[in-house]
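Inspection log for the structure reproduced underneath, given as structure tokens.
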Number of protein chains: 2
Amino acid sequence: MIIKKILLKRVLVSDNSCMILSMENKKATIKDVASHSLVSIKTVSRVINNEYGVSKITKSNLFIFIKALDYNPNKAAQGLRSKKSFLIGLVYDNPDKFYLSDIQSGVLETCAKNGFSVVLFPCNHKEKDLTEKLIEFAKRTNLDGLIPTISHTDMKELVKNLQLEIPLCVVSPGLLTSNPLCVSSDDFKATYSMTCHLIKQGHKEIGFIKGHKDHGAIESDLRKVGIRTKIDDRNIRPGTKHYDWEIKGVPIRLEIGPIFASNDAMAAGVMKAAHKAKINIPNDISLVGFDNSPTASQAWPSITTIAQPIKEMASSAAQILIDNISNKSEKKNINKTFDSDIVVRIDGQK
Amino acid sequence: MIIKKILLKRVLVSDNSCMILSMENKKATIKDVASHSLVSIKTVSRVINNEYGVSKITKSNLFIFIKALDYNPNKAAQGLRSKKSFLIGLVYDNPDKFYLSDIQSGVLETCAKNGFSVVLFPCNHKEKDLTEKLIEFAKRTNLDGLIPTISHTDMKELVKNLQLEIPLCVVSPGLLTSNPLCVSSDDFKATYSMTCHLIKQGHKEIGFIKGHKDHGAIESDLRKVGIRTKIDDRNIRPGTKHYDWEIKGVPIRLEIGPIFASNDAMAAGVMKAAHKAKINIPNDISLVGFDNSPTASQAWPSITTIAQPIKEMASSAAQILIDNISNKSEKKNINKTFDSDIVVRIDGQK
DNA sequence: TGATACAATGACAACGATATCTATTCTAAA
DNA sequence: TTTAGAATAGATATCGTTGTCATTGTATCA
């Protein structure tokens, strides 16, 4: 009986695929692997999808043929049949390029590891009908999931509506707890420690500069809370002195003391203003930033700042999302928080 | 006869798709559009692919149904049948993040316009077997085309081998003429004009700083040629004075005069060194950079620099590649060159 | 021994589009 | 009229996978 079966199969092989050795330029399909390994295409499918119900022997045997034939599953066919696209959308709105770059590489690496590709969707958070546009984009591109990042002032509403249409995992600066799947950094803890750092240096008064109201308003606020709490905690006064400067023609009243800027770009702006006003940093006033962007290290003097583990966060978000899409995780609510680090730079000190 | 036909079709409609109005949550397929519009699916296919052989009336009628049913062709099915993936790979090796960001958005916009998605492939140009890895990546992801950007020192060899496997359009700083499809910026012209700018300010001696040898060596060299030519042209000496500074612990001998840095990051480094050495910029020495990165505008004083139309270049490259893939252009060799602009900043001058 | 359960495997349809080939309709010239 | 040929439309196979359901083989139990 067994012999008969094998013979039967060998005939099949010679019918369909003995020519394959001479068709070297054509890509191997699941059919080729199946006929060479003398199993059905379904069994091959089971192996490449790591499904249950294939014996160890068959499996290891198949892996040999898969390798030998240089077989790669056709994504289009897989997608067509299984209604997946293996595409994940990364949504962002003009963030700091370095931030974006880290986010991207984190998402990218994880997606690649899992056989997914990343489609980028830059957009303006102030755009009308952004929710509709995002949904339309997700549908048109047939995305399996979406990773929204900064910065959408009205993100809560947006995220809520998007969730109804497509799986999401949000990468959020500061703490956001309203989303089922979410990765965030603990800005509160970070600004709190930074404030401690300033207080340890003997400062009794701390100024804070918010970023532009259209960008990262949420983060700024959360960051401020961290300082404020520490300030209240220790009976330190918030900064009250000020001088005036401007950025792109817009006058800004700058509270001084030691200054805590809500991001490094703002810190660089303060430095520029200080240079003009002949105020020496760090000897006349202290200045710290947030983000650990290259600006902070390239400036003179270089700026003490806070570094978020952005890439790790992004990578984690992608993994959570993919697990969710693939039903590998049963949890419906995952909220992962990462801690940030203070990067102390002292090259300008007396 | 005509009546008979229509009746027949109406029956078909009620068989297959009158329910569609109540199946609102399901995506419309080409079949739905066909049955609603009383034409064959092939005709719908002709319309969405802008093929020859459909009357204007049928066409405009179809568009109405396509819109009404919110029909979007299924990329997986299209790809499976037509052996296309509608994916374009963007290859880059750790460039300046701002450069990357511009490249990306240019490629992205154009691809989106043409119904293509972008897959990112960050890589290390020094990696062994990079060519093989790229080919493997292109095959595995089933890419339709590839856009290699900076920076691959041995790019010529790489590009030559890649071309045999997959359509390419190279985005190159400086002039590269060896590739069939190529978009480049004229760095020579730009550095030449910048040198003219410095000479016009009365300088007789010009120093040049190359970037790190692993990054953008090609660009640096090409940029240098631009200066050098102008220098020779006008009997200006290259810089000979110097002082020593260091970057990340590595001592660097800095030629001074006015200084032309091969990129803005290098210019920022020079400024830092100058600050330490109590040399005033721009009053003691002039300093210009290259790239127009935010560093150049955020620094104090802000740095005069050269801006390449990066995004336009990237966008153009994507379009050329897509046209080539789609056989829309018959030209086999396209080499498009863009001019760069000088961005003069003077806020630090006496 | 026969019934039963379960692991391993296979046959075949289906996913949603395009390609190929064929059929019909329309127009203009014989 | 007739008819050639262009314009238009349709029927059906096909792309490479996975989903569904059926079948086989083997170990366990009563």
Side-chain angles (χ1 to χ4, degrees), chain A residues 1-2 4-6 8-9 12 16-17 20 26-35 37-62 66 69 71-86 115 139-140 142 326-327, chain B residues 1-2 4-6 8-9 12 16-17 20 26-35 37-62 66 69 71-86 115 140 142 326:
Chain A
M1 282 283 278
I2 291 172
K4 187 178 158 197
K5 186 178 169 190
I6 290 183
L8 187 71
K9 285 191 174 176
L12 274 171
N16 293 328
S17 52
I20 282 167
K26 277 206 178 177
K27 258 190 178 173
T29 71
I30 198 171
K31 229 172 171 173
D32 302 325
V33 178
S35 55
S37 339
L38 311 181
V39 298
S40 74
I41 52 175
K42 182 64 217 191
T43 301
V44 182
S45 172
R46 285 197 181 93
V47 169
I48 60 181
N49 288 291
N50 209 17
E51 275 171 30
Y52 182 76
V54 182
S55 72
K56 277 179 190 168
I57 301 167
T58 311
K59 209 169 183 174
S60 64
N61 187 37
L62 272 177
I66 287 173
L69 292 169
Y71 167 68
N72 278 115
N74 179 314
K75 284 278 171 199
Q78 288 185 314
L80 176 58
R81 189 63 246 250
S82 65
K83 311 244 176 206
K84 281 209 249 170
S85 65
F86 301 98
K139 278 191 181 167
R140 177 166 40 80
N142 193 26
S326 319
N327 293 318
Chain B
M1 283 282 276
I2 291 174
K4 188 180 159 195
K5 186 178 169 189
I6 289 184
L8 186 72
K9 285 191 175 176
L12 273 172
N16 293 328
S17 53
I20 280 167
K26 277 206 179 179
K27 258 188 177 174
T29 71
I30 197 171
K31 227 172 171 174
D32 303 325
V33 178
S35 56
S37 337
L38 312 182
V39 298
S40 75
I41 51 176
K42 181 63 218 186
T43 302
V44 182
S45 173
R46 284 195 183 93
V47 169
I48 59 181
N49 288 291
N50 209 19
E51 274 171 31
Y52 182 75
V54 183
S55 72
K56 277 180 191 168
I57 300 167
T58 311
K59 210 168 182 173
S60 64
N61 187 37
L62 271 178
I66 286 173
L69 292 169
Y71 167 68
N72 278 115
N74 179 314
K75 284 280 170 197
Q78 286 186 313
L80 177 58
R81 189 66 247 249
S82 65
K83 310 246 176 206
K84 281 209 249 172
S85 66
F86 302 99
R140 178 167 37 82
N142 194 24
S326 318

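What you see is a predicted model, and the numbers here were worked out from it, not measured in a lab.
Atoms CG (Asn50(A)) and C1' (dT18(D)) sit 15 Å apart, rounded to a whole Å. Remark: P of dA7(C) and CD1 of Ile57(A) are 16 Å apart, rounded to the nearest angstrom. At whole-Å resolution of the value, NZ in Lys84(A) and P in dG19(D) are 9 Å apart. Rounded to a whole Å, the CD1 atom of Ile41(A) is 15 Å from the P atom of dA14(C). Atom CD of Glu51(B) and atom P of dT8(D) are 14 Å apart (whole Å). Atom CD1 of Ile30(A) is separated from atom P of dA11(C) by 14 Å (rounded to the nearest Å). The distance from atom NZ of Lys31(B) to atom C1' of dC15(C) is 10 Å, rounded to the nearest whole Å. Distance CG (Leu69(B)) to P (dG16(C)): 14 Å, rounded to an integer number of Å.
Comparing atom distances between the Ile48(B) side chain and each of dT18(D), dT18(C), dG10(D) picks out dT18(C) as nearest. Comparing dG10(C), dT17(D), dG10(D) against the side chain of Tyr71(A) picks out dT17(D) as the nearest.
Contact of the Asn50(B) side chain with the Lys59(B) side chain is registered, since non-hydrogen atoms from C-beta on lie closer than 4.5 Å. Put simply, the side chain of Val33(B) does not reach to within 4.5 Å of the side chain of Ile48(B), judged on heavy atoms. Here the side chains of Asn142(B) and Lys27(A) are in contact, with some heavy-atom distance below 4.5 Å.
Put simply, the side chain of Lys75(A) gets close to the backbone of Gly115(A): a donor and an acceptor are under 3.5 Å apart. Counting only distance, with no hydrogens or angles, the side chain of Thr29(A) and the backbone of Lys31(A) share a donor-acceptor pair below 3.5 Å. In this structure, the side chain of Asn49(B) engages the main chain of Ser45(B) through a donor-acceptor pair within 3.5 Å. Within the 3.5 Å criterion, the main-chain N or O of Ala76(B) finds a donor-acceptor partner in the side chain of Asn74(B).
Residue Thr43(A) has a polar side-chain atom (N or O) positioned under 4.0 Å from OP1 or OP2 of dG10(C). Regarding contacts with the backbone of dT18(D), a side-chain N or O of Ser45(A) is found under 4.0 angstrom from either OP1 or OP2. Dashed line: the shortest gap from a side-chain N or O of Thr29(A) to OP1 or OP2 of dG16(D) is not under 4.0 Å.
Contacts between residues 72-83 of chain A and DNA chain C, defined by a heavy-atom separation under 4.0 Å, are made by Leu80(A), Arg81(A), Lys83(A).
Donor-acceptor pairing under 3.5 Å, judged by distance alone, is present between the side chain of Arg46(B) and the base of dG10(D).
If you find the closest nucleotide of DNA chain C to Gly53(A) and to Lys42(A), the one lying nearer the 5' end belongs to Gly53(A).
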